[in-house]
Amino acid sequence: MTEIAERAAAALDDPENWPEDPKEAVVRQRLLADRVRTEPLDAEGVELVCGLDVSYGVGDTELAAAAVVLDARTLEVVETSLVTDTPSFPYVSGLFAFRELPPVLKAIEGLSLTPDVFISDGFGLAHPRRFGVASHLGVLIDARVVGSAKSVLYGRNTPPGEERGSWTPMVAGRSEIVDDTFALAEEGAEVIGRTLRTRSRTRPVYVSVGHRVDLEGAADLIMRVSPKYRIPEPIRHADRLCGLYRKEHEAGGAAK
DNA sequence: GCGACAG
DNA sequence: ATCTTGTCGC
């Protein structure tokens, strides 16, 4: 078992990590948020990237999580890990981690490789308490994690240019940001993420620091692993994998 | 009080 | 997230 797998198992076993209700969950987030660290990430130096995603079944009774490791250079899948589970926490915007991390940690536990960085389908610092799933996961297993979300949760956003590679900062709090002149935002307000166009004339994705990466490196990595489609390849693979897996699971078990 | 609200 | 056919575009 790898060190990361062991830490994932330990995080799952600690009851302190899994509050019963939203109220306690918020307290837990505030406590752990202090542990988030930002450090430089050399996107070009990454060799193994792991995409994570969760899919849901009908009636809120089952979900599937996938961890897919890709060779960052060729973008070929080198390992996959799948797991099915039962939701034990309701869906509450801002408290994602308490619902999705249990199965995700189990999927990570099943990996035999050690990815250089993980990509989570959600936010990191671009969160009301600066502690979205990406940061939460990173802190629990002490790994590098990048957050890549498909829609906005928190902060001010400005649409980037239409071409692939264009981006604008996501800003929290009061800012003097006006239209596309975000230079002012860099000085006064807090930059919590990046609205990034991974594909020309297609909706952008929202990148933020999860844990032990910096925003520059995170955005560079997302661009590197999204050469063709809007959604980063690691996430696309994880999405497809757990989606199909869950479908087959229902088809075989739910004999009506 | 009135919106907004990751997957 | 999920329920769902065709359709416009490269």
Side-chain angles (χ1 to χ4, degrees), chain A residues 22 25-26 29 33 36 51-68 82-107 118-138 145-158 162-164 170-173 192-211 218 222 227-232 234-251 254 256:
Chain A
V26 170
Q29 288 187 321
V36 178
L52 305 166
D53 198 23
V54 175
S55 72
Y56 296 82
V58 193
D60 208 45
T61 70
E62 63 175 25
L63 46 75
V68 179
L82 276 161
V83 84
T84 53
D85 201 354
T86 303
S88 54
F89 196 90
Y91 169 77
V92 180
S93 178
L95 298 179
F96 239 55
F98 300 96
R99 180 179 176 80
E100 301 200 344
L101 281 190
V104 164
L105 288 168
K106 285 179 188 171
F118 291 86
I119 298 179
S120 174
D121 195 7
F123 291 104
L125 294 179
H127 174 279
R129 288 171 292 282
R130 306 292 185 279
F131 200 64
V133 259
S135 296
H136 204 142
L137 171 65
V145 185
V146 169
S148 176
K150 299 184 290 296
S151 61
V152 182
L153 164 67
Y154 177 77
R156 283 184 66 20
N157 290 79
T158 306
E162 290 298 313
E163 299 306 309
R164 167 182 152 77
M170 291 176 70
V171 185
I192 56 176
R194 210 117 124 173
T195 299
L196 178 65
R197 194 82 69 181
T198 50
R199 178 180 173 139
S200 298
R201 286 164 287 283
T202 297
R203 289 193 303 150
V205 294
Y206 305 87
V207 182
S208 58
V209 168
H211 186 55
I222 292 302
K228 184 169 177 168
Y229 302 109
R230 176 172 93 113
I231 305 301
I235 296 290
R236 288 187 71 230
H237 281 288
D239 180 59
R240 187 171 56 70
L241 194 57
C242 64
L244 290 176
Y245 186 78
R246 182 181 49 68
K247 245 174 199 177
E248 291 173 8
H249 210 68
E250 310 188 319
K256 299 173 184 174

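For the numbers below, each heavy atom of this structure counts, side chains included, while hydrogens, waters and symmetry mates do not. Order of the sequence lines fixes the chain letters, A, B, ..., with proteins taken first and strands second; residue numbering starts at 1 for each chain.
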In whole Å, what is the span from the CD atom of Glu100(A) to the P atom of dT2(C)? 10 Å
So Leu95(A), base contact, sugar-phosphate only, or nothing? Heavy-atom distance under 4.0 Å. base
Aromatic ring proximity, centroids under 6.0 angstrom, Phe131(A) and His136(A): yes
Output the single nucleotide from dA6(B), dT2(C), dG7(B) whose closest atom is nearest the side chain of Asp121(A). dG7(B)
Find the distance Asp53(A):CG to dT2(C):C1' and express it as a whole number of Å. 13 Å
Length of the line joining Ile235(A):CD1 and dG7(B):C1', which is rounded to integer Å: 11 Å
In whole Å, what is the span from the CG atom of Leu101(A) to the C1' atom of dA1(C)? 16 Å
Quick check on dA6(B): is either OP1 or OP2 less than 4.0 Å from any side-chain nitrogen or oxygen of Tyr91(A)? yes
Establish, with yes or no, whether the OP1 or OP2 oxygen of dG7(B) is under 4.0 angstrom from a side-chain nitrogen or oxygen of Ser151(A). yes
Atom-to-atom span, CZ of Phe123(A) to C1' of dC5(B) - whole angstrom: 11 Å
At 4.0 Å (heavy atoms only), tell me whether Gly147(A) reaches a base, stays on the sugar-phosphate, or touches nothing. nothing
Is Val152(A) touching bases, backbone alone, or none of the nucleic acid, heavy atoms closer than 4.0 Å? sugar-phosphate
Donor-acceptor pair between Glu100(A) and Tyr56(A) side chains, under 3.5 angstrom: yes
After noting the C-alpha distance and the side-chain angles of Asp53(A) and Arg240(A), does the key distance pass the salt bridge (charged side-chain N to carboxylate O under 4.0 Å, His left out) rule? CA-CA 9 Å; Asp53(A) 198 23; Arg240(A) 187 171 56 70; over 6 Å; no
Report yes if the ring of Tyr56(A) lies under 5.5 Å from the six-membered base ring of dG7(B) with planes under 30°, and no otherwise. no
If the cut-off is 4.0 Å, is Lys150(A) near the phosphate of dA6(B), judged by side-chain N/O to OP1 or OP2? no
Would you mind reading off the distance between Gln29(A) atom CD and dA6(B) atom C1', rounded to a whole angstrom? 12 Å
Please give, in whole Å, the distance from dG7(B) C1' to Phe96(A) CZ? 3 Å
According to a strict under-4.0 Å criterion, is Ser55(A) in side-chain N/O contact with OP1 or OP2 of dA1(C)? no
Side-chain donor or acceptor of Ser135(A) paired with backbone N/O of His211(A) under 3.5 Å: no
Separation of dG9(C) atom C1' from Arg199(A) atom CZ, nearest Å, is 9 Å
Residue among Thr86(A), Leu52(A), Val83(A) satisfying side-chain contact (heavy atoms from CB on, under 4.5 Å) with Pro103(A): Val83(A)
